[in-house]
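Small disclaimer: the values here were computed from a predicted structure and weren't measured. Lettering follows sequence order; numbering is per chain, from 1.
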Number of protein chains: 2
Amino acid sequence: MNLKQLSLELGLSQTTVSRALNGFPEVSEATRNRVQLAADRHQYSPSTRAKGLATGKALAIGHVIPVSTKHETMNPIFGDFIAGAGETYSRNGYEMLLSIVDDQSEDDVYRALKARRSVDGVVVHGPRMDDPRIALLNEIGLPFVVHGRASGVTVPYSWVDVNNRRAFNRAADFLIDLGHRRIGLINGLEGMDFAHRRRNGYMDTLTANGIAADPALLRSGEMTEEFGYTSTRDMLALRDRPTALMTSSMILAMGTRRAIEEAGLTIGRDVSVITHDDELSYLRNGGDVPIFTATRSSVRDAGRRLAEMLLADIANPFSQPQTELLEAELMVGQSTGPAPHL
Amino acid sequence: MNLKQLSLELGLSQTTVSRALNGFPEVSEATRNRVQLAADRHQYSPSTRAKGLATGKALAIGHVIPVSTKHETMNPIFGDFIAGAGETYSRNGYEMLLSIVDDQSEDDVYRALKARRSVDGVVVHGPRMDDPRIALLNEIGLPFVVHGRASGVTVPYSWVDVNNRRAFNRAADFLIDLGHRRIGLINGLEGMDFAHRRRNGYMDTLTANGIAADPALLRSGEMTEEFGYTSTRDMLALRDRPTALMTSSMILAMGTRRAIEEAGLTIGRDVSVITHDDELSYLRNGGDVPIFTATRSSVRDAGRRLAEMLLADIANPFSQPQTELLEAELMVGQSTGPAPHL
DNA sequence: CAAAGTGACGTAAACGATTTCGTATATGAA
DNA sequence: TTCATATACGAAATCGTTTACGTCACTTTG
């Protein structure tokens, strides 16, 4: 059923039917009802493509997900993030277009999205330091919001981020207050902006407390369970092993736990662990009492907020870049305790 | 840059330019090259919306991801699956449209996708037994392929699935050969078709070996780490506790490991564990020697294969439903061993 | 009472491609 | 020379909407 057929059946012009359905004032309430009823009966919805052509809007948002070519790893937070964003989109009549792309050819994807006018805006995932995508998107004039930030980029742009630095400040402080001095960090890939900020938060707090950072206690890599495991195993094998570990994700923390237990140690007693927790739906950190002490911030909420910002940005093209910094909550769980006397 | 501008600049008609770019024979090689060059120079790509309108094809595939309203849980395999499917799409010039939808209003989403002509076909995720979506999609005439199958649905339809039954047959057989008689199963939600098949595979093998299934050793629920943990903890607390456990996902297995270790037992010695492994990129099951003995099947490959089938289906509307059954590999790892003498 | 609104609807031109017919020129055959 | 046949290109319709202008019949208003 299309507009022409519907209008023919109603004995009205396409114009009137269109106006009736889109809530324009110049149509009487009587006919509007009549039109609405007929539309419902035939399950008429305007063709997105035709509508898009006519209005010049795509009514769609693009998400470009980079997949590292080296490891083929896809960030597990991404599912929950788009679940959040998706809610906002469907509530506003937008669709979500997904492009999975290896990090080599990202530029082309953005250009293509613009050239083909497939989307009204895009979400930038996984920003790296000095991320070139921000300049690119500004250049080609495609509205965007970044999930995270890009240190080193000086032009203003819109973003939603967790206060990673503060979160890792607090986590480190918490451990130091418990008497820990040998604190390791198992982080995401260097180059990823969030990893950079977390590392800074960690380092600053150590030095502020007169603790010299030990390079042997600092690892960064793809955030897989295996990486958490091997990193922890290696650190525990040191003659001067850490009494506490901080990890950048729950998945890493699971690997950490495996290594700790394999070494015959007890988590929370021999080795304390604090992780960052994105509140992934399938990785809930326990019920009332968290399993891991964690800096917690819902990535799903971030998705919701970011989508709202982007839609607002698109609705008002002359708006200034918006930013939102989400604070992570420190949840004390069962994985931390006073530093042991070695 | 659009077709009109491009053709004006070239001094050709829109017809010729369009034909040149789409590889039609009735255009000389000389002009074709000239057109191609100009198009490249201006980075011209046809507007998807206009093209879609003119051709009647959307050049897009819809993925409708159900999110359980109760637990807001999103299946973690979904990221890797669409990564696989996405490869196929972009190689064929298709886009991927994502709808995250609570399992209440799924029907409306499919109808809307059809009515608005947003997609040429859809992928059905997470089929349940007697899944009503298959009948619905047949009724509204939207091409589709199911990731998994729906027991109880008698009409033919296209699907790609893992041989879940066989996989769990083999896993159970393997454990029985090691001398285990008390074998537990921690499964996905009843009602999910894959869980049903895995349960059948498990049960059949037990009874075929003269082992009576104990309801206390059978749990099903949302496949979170926590569910794996609590299920295992409860089973280990039984006076007649299991010596082996089978789990339906790596995430469940991580919870299982936590419970086993918390109980002071050793995995692979006191309690053997076999899990199904979808080869999620961030949850690799170890390197050379797998951590968990596992029935392994790449969900990413499944995504690739399924996308190919769907595109073929769309290209040839009169084709018969295609099906593909992927066999899981049994990988022997460090989590299984001979049954202990209790 | 004439002019000016205004309420309710219609005509037709976009939007940016593809595609169905034509058409003009060159080539070969009769 | 004339007719048929390619070859290379163009005019205009089409896809399904929205929307800038009209139009026409009634009120209001001065």
Which whole-number value in Å describes the distance from [X] [atom1] to [N] [atom2]?
{"X": "A:Lys51", "N": "D:dG16", "atom1": "NZ", "atom2": "P", "value": "16 Å"}
{"X": "B:Leu59", "N": "C:dA17", "atom1": "CG", "atom2": "P", "value": "14 Å"}
{"X": "A:Leu12", "N": "C:dA8", "atom1": "CG", "atom2": "P", "value": "13 Å"}
{"X": "A:Arg49", "N": "C:dG16", "atom1": "CZ", "atom2": "P", "value": "16 Å"}
{"X": "A:Lys4", "N": "C:dG10", "atom1": "NZ", "atom2": "P", "value": "16 Å"}
{"X": "A:Leu21", "N": "D:dT19", "atom1": "CG", "atom2": "C1'", "value": "15 Å"}
{"X": "B:Arg117", "N": "D:dG16", "atom1": "CZ", "atom2": "P", "value": "7 Å"}
{"X": "B:Leu8", "N": "C:dG16", "atom1": "CG", "atom2": "P", "value": "14 Å"}

Query raised in the report: Is there a donor and acceptor pair, one atom on the side chain of A:Thr15 and one on the base of D:dT19, closer than 3.5 Å?
Result: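 Yes.
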Under 4.0 Å, counting only non-hydrogen atoms across every strand here, what does [X] touch: a base, just sugar-phosphate, or nothing?
{"X": "A:Ser28", "value": "sugar-phosphate"}
{"X": "A:Thr31", "value": "sugar-phosphate"}
{"X": "A:Arg19", "value": "base"}
{"X": "A:Ser47", "value": "sugar-phosphate"}

Query raised in the report: Hey, does the side chain of A:Asp313 reach the backbone of A:Leu310 with a donor-acceptor pair shorter than 3.5 angstrom?
Result: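 No, A:Asp313 side chain to A:Leu310 backbone: no donor-acceptor pair under 3.5 Å.
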Query raised in the report: Distance-only, no hydrogens or angles: does the A:Ser7 side chain make a donor-acceptor pair with backbone N or O of A:Leu3 under 3.5 Å?
Result: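 Present.
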Query - DNA chain D: 5'-proximal contact among B:Ala50 and B:Glu26 (nearest heavy atom) - result: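 Counting from the 5' end, the first nearest nucleotide belongs to B:Glu26.
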Query - Test of ring centre spacing under 6.0 Å for B:Phe81 and B:His125 - result: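 For B:Phe81 and B:His125, the ring centres are under 6.0 Å apart.
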Query raised in the report: Between the side chains of A:Ser118 and B:Glu95, does any donor sit under 3.5 Å from an acceptor?
Result: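 Yes, a side-chain donor-acceptor pair sits under 3.5 Å.
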**Report entry** Pairwise 5' ranking along DNA chain C for A:Leu53 and B:Thr16, keeping only the more 5' one
**Finding:**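 Closest to the 5' end, via its nearest nucleotide, is A:Leu53.
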Requested in this report: Could you please spell out the steps behind the salt bridge (charged side-chain N to carboxylate O under 4.0 Å, His left out) verdict for A:Arg300 and A:Glu279?
Outcome: CA-CA 8 Å; A:Arg300 194 176 190 131; A:Glu279 293 201 74; over 6 Å; no
**Report entry** Short side-chain N/O contact from A:Tyr44 to OP1 or OP2 of D:dG16, under 4.0 Å
**Finding:**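 So the side chain of A:Tyr44 is outside the cut-off, no N or O lying under 4.0 Å from OP1 or OP2 of D:dG16.
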Query raised in the report: Quick one: is B:Ser18 getting a side-chain N or O under 4.0 Å of the C:dA17 phosphate, OP1 or OP2?
Result: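 No, no such contact exists.
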Requested in this report: When you get a sec, tell me which of C:dG16, D:dT17, C:dC9 is the closest nucleotide to the side chain of B:Asn2?
Outcome: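 Of all the options, the side chain of B:Asn2 is nearest to C:dG16.
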Requested in this report: Return the nearest nucleotide to the side chain of A:Pro46; candidates are C:dA17, D:dT17, C:dC9.
Outcome: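 Minimum distance to the A:Pro46 side chain belongs to D:dT17.
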